[in-house]
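Everything below concerns the one structure shown next.
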Amino acid sequence: MRKILLIAVVCSLLFTVQAATAAPLSITEQITISQEQYNVQIVVVGDANKAFEADLELPDGTKIEHNNYDGNKYMYIEMEEGERRWLINSAAQGTYKLHIEGADQSYSISLKEELRRPNTTWRSPLNTEVVVQASSSLSLKWDVNGDVEQTDRIRFYLQSRAGGAAMLVGEEALAAGQAELTLPATIEDGQYKLSIIADNKTSEGQQIDPEVTVKLQRGYSAAPFKLLRVIPEGSAASILFEVPASLPFSGGYAWLTSDSGEEVALELMFQQLEQLEADESGEVKRYAWSISLEEGTYTGKLQLTYDDGMASSLIDIPSFTLKPRDWSKDTVVWIPEDEKIHSTHIQVQLTLASETLVQLVDSADGLLYEQQLVPAGDGVIEETITVPISEGDHIVELLLSDPAGDAISYSKRYLVDRTPPTLTMIQPQSTHAKLEGNKASGFTDTDSIVIANGQQLEPDESGYFVIDDVGEELTITVRDAHGNETYFHWKEADSGSKLWIWFVIINLLLITAAVVVIYKLRQSYHK
């Protein structure tokens, strides 16, 4: 199917079908196409000073709204004030209706038949090699037939014979038929393939390959850039390279081929780069470009593009292998699990499926642990790491790195406080012999809990607490959010003297009973 016309101008057969006069605010007009045509325009003309719009209804009853249409099939444009056009890619035979909404005015409806699509025939140079030196240019010629507009262009590109990006090196009006092309000064010496794209009313344009090699011999080569290394990182890789500090590049490309034969083209945007620390001379800048790829081994080429749109020569990307690891087979357990702790040490229990570099880094105390763990045989690695931890706020990060460059990190926050919570007793004091009202009370920290004789209670917003029905003995444990504890114990001082009184009373009763028994025995004897 032919592409829809984006701009329609003169050189078409125009015939007026009918005129609508004294139109109301909403009217419907129609026009008939006698046979199927391509690139047809239906034109609605009204008063230039009065606003209006027109929706299109197809012969099968489908209504196309002026502000909602498929741009591959239809196009609604306002050529100038007072004129609206519907451009139809493929117009079937039948009657088309125009539903016009707008000011009360006169409208005329007309049809512009199909425009002939421009077709370009390349003439010169053709099937040859052209040498361009410092003082020379490229002489180009072509023929074009069809309905050519003044805005139609023909564009010329050079691409290194070694591959890489095609560079736009010039353009000319398509109707001119010839051009004397002076190439940009920033194209390096070398051999290039010439290609052409001519406007022909399609989005892609007419692609032309004249089979011409342009050999530049102007004595120019850009300051070289250098690839430093490629660092595999599991399913990604970092390409490190350096460029002269004066090199005005804006992006680039990487062309990669995997060991399975798959080809991958990646475009580099300057904003994607991470600038690395440069050398002390300041003459070069270093960058890292991170790319994500499927598992496999890759080789390729890297090319930079300059601010003026020209491209550098290509440099080789050495072979590198990406082998992502399934980290779900590894487990990490932090001990303790709580964030607020009072421990002097923490532990990390690891179960690792294969060889791993393990690093444990503390935001406060730096590197705590680093070890390359290797399994015995084909078994898994089970390791428990125990490290000290100081008081304060810590972010502890666990870094696991695979020999293939894949990595994963885990982090854990610990708030370490080993200061016991405060406990101020109102009553009983340790010197109190008795408890008034059988109640105990006191103050502690607001984030602590109080456990009295095995029963837990929370202090109020000021830290105050009351314990009912204490009895003769009281044991209090105060525990804060970090697990620190403070203890208090109290017992009535006179509880022992009560036992002594009962002991004395019992003994007196026993003595009295014994006296009574002896007295009665003596009376019985004298009788």
Side-chain angles (χ1 to χ4, degrees), residues 228-240 258-259 274 276-277 288-298 318-420 447 479-485:
L228 301 175
R229 63 184 180 278
V230 179
I231 303 176
E233 298 171 338
S235 58
S238 288
I239 300 176
L240 276 57
S258 70
D259 51 0
E274 176 189 358
L276 306 176
E277 184 178 351
W289 179 23
S290 181
I291 58 176
S292 296
L293 298 164
E294 299 293 331
E295 180 176 354
T297 299
Y298 295 85
S319 175
F320 63 94
T321 299
L322 297 184
K323 188 177 181 180
R325 175 168 170 172
D326 183 2
W327 291 103
S328 66
K329 297 180 179 180
D330 304 286
T331 60
V332 175
V333 178
W334 297 88
I335 302 174
E337 293 184 354
D338 295 334
E339 182 177 284
K340 294 181 178 181
I341 64 173
H342 67 285
S343 309
T344 58
H345 291 75
I346 61 170
Q347 289 184 331
V348 183
Q349 292 182 347
L350 300 175
T351 303
L352 305 173
S354 60
E355 180 179 352
T356 308
L357 173 62
V358 180
Q359 295 170 301
L360 201 60
V361 181
D362 186 351
S363 59
D365 298 327
L367 182 64
L368 302 178
Y369 177 91
E370 183 175 31
Q371 188 70 40
Q372 186 86 22
L373 301 181
V374 181
D378 296 329
V380 298
I381 304 169
E382 293 186 349
E383 183 78 10
T384 298
I385 302 170
T386 303
V387 293
I389 191 165
S390 59
E391 284 196 273
D393 190 350
H394 299 259
I395 300 295
V396 183
E397 187 169 13
L398 175 68
L399 305 174
L400 305 179
S401 304
D402 187 85
D406 206 355
I408 193 171
S409 65
Y410 305 85
S411 63
K412 178 74 173 174
R413 186 182 187 187
Y414 283 117
L415 298 174
V416 185
D417 183 355
R418 291 193 275 271
T419 303
D447 64 344
R479 182 181 301 133
D480 66 15
H482 296 266
N484 299 300
E485 294 182 341

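Everything numeric here is computed off the predicted structure, so don't read it as measured data. All residue numbers refer to positions in the sequence shown, counting from 1.
Taking R413 as the reference, D393 meet the salt bridge (charged side-chain N to carboxylate O under 4.0 Å, His left out) condition, with sequence neighbours excluded. A search for side-chain contact (heavy atoms from CB on, under 4.5 Å) contacts involving P388 returns H345, not counting sequence neighbours. Legend: residues meeting ring-ring contact (aromatic ring centres under 6.0 Å, His included) with Y414, ordered by chain and number and at least two apart, are absent.
With rounding to the nearest 0.5 angstrom, the OG1 atom of T356 is 6.0 Å from the CG atom of D330. Atoms CG and CG, on L400 and L357 in that order, are 8.5 Å from each other to the nearest 0.5 Å. Rounding to the nearest 0.5 Å places CD1 of I231 at 6.0 Å from OG of S238. To the nearest 0.5 Å, the span separating OG1 on T297 from CG on D259 amounts to 4.5 Å. Taken to the nearest 0.5 Å, the NE2 atom of H394 stands 9.0 Å off from the CG atom of L368. The distance from atom CD of E355 to atom CG of L373, rounded to the nearest 0.5 Å, is 9.0 Å.
Judged by distance alone, the side chain of E391 and the main-chain N or O of R418 form a donor-acceptor pair under 3.5 Å. Judged purely by atom type and a 3.5 angstrom limit, S409 has no side-chain atom pairing as donor or acceptor with the backbone of A407. Between the side chain of D480 and the backbone N or O of G483 there is at least one donor-acceptor pair closer than 3.5 Å. The backbone N or O of R325 sits less than 3.5 Å from a side-chain atom of D406, completing a donor-acceptor pair. The closest donor-acceptor contact from the side chain of H482 to the backbone of H342 lies at 3.5 Å or more, if one exists at all. Side-chain atoms of N484 come within 3.5 Å of backbone atoms of D417 as a donor-acceptor pair (strictly under, hydrogens ignored).
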> After noting the C-alpha distance and the side-chain angles of T351 and E382, does the key distance pass the side-chain hydrogen bond (donor to acceptor under 3.5 Å, both in side chains) rule?
Replying inline: CA-CA 5 Å; T351 303; E382 293 186 349; 4.7 Å; no
> For L415 and E339, what are the C-alpha separation, side-chain angles and deciding distance, and is it a side-chain contact (heavy atoms from CB on, under 4.5 Å)?
Replying inline: CA-CA 6 Å; L415 298 174; E339 182 177 284; 3.5 Å; yes
> Given W334 and L398, is the side-chain contact (heavy atoms from CB on, under 4.5 Å) satisfied, shown in steps?
Replying inline: CA-CA 10 Å; W334 297 88; L398 175 68; 4.0 Å; yes
>> Determine whether L350 and T384 satisfy the following criterion, side-chain contact (heavy atoms from CB on, under 4.5 Å), listing intermediate values before the conclusion.
In response: CA-CA 6 Å; L350 300 175; T384 298; over 6 Å; no
> Run the side-chain contact (heavy atoms from CB on, under 4.5 Å) check on L352 and V358 step by step: do they pass?
Replying inline: CA-CA 10 Å; L352 305 173; V358 180; 4.1 Å; yes
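Only one option out of V332, L360, L399 pairs with Y410 in a side-chain contact (heavy atoms from CB on, under 4.5 Å); it is V332.
The shortest non-hydrogen separation linking S354 to I381 is O-CD1, 3.5 Å. When all heavy atoms are compared, the tightest approach of D365 to S390 is OD2-OG, 3.2 Å. Pairing each heavy atom of T321 with each of P232, the nearest pair is O-CB, 3.3 Å. Looking at every heavy atom in both residues, L322 comes nearest to G234 through CB-O, 3.2 Å. Taking every heavy atom of both residues into account, V387 and I385 meet most closely at CG1-CG2, 3.9 Å. The minimum heavy-atom distance between A237 and F320, with the atom names listed, is CB-CE1, 3.9 Å.
With 3.5 Å as the limit, one finds no donor-acceptor pair spanning the side chains of E397 and S411.
Between K323 and E295 no salt bridge is recorded (no basic side-chain N to carboxylate O distance below 4.0 Å).
For the pair V416/I346, no side-chain contact is recorded, criterion being any heavy-atom separation below 4.5 Å from C-beta on. Under the 4.5 Å side-chain criterion, counting only non-hydrogen atoms from C-beta, S235 is not in contact with S292.
With a 6.0 Å radius and a threshold of 12 heavy atoms from other residues, nucleotides or ligands, Q372 has its CD atom above the threshold.
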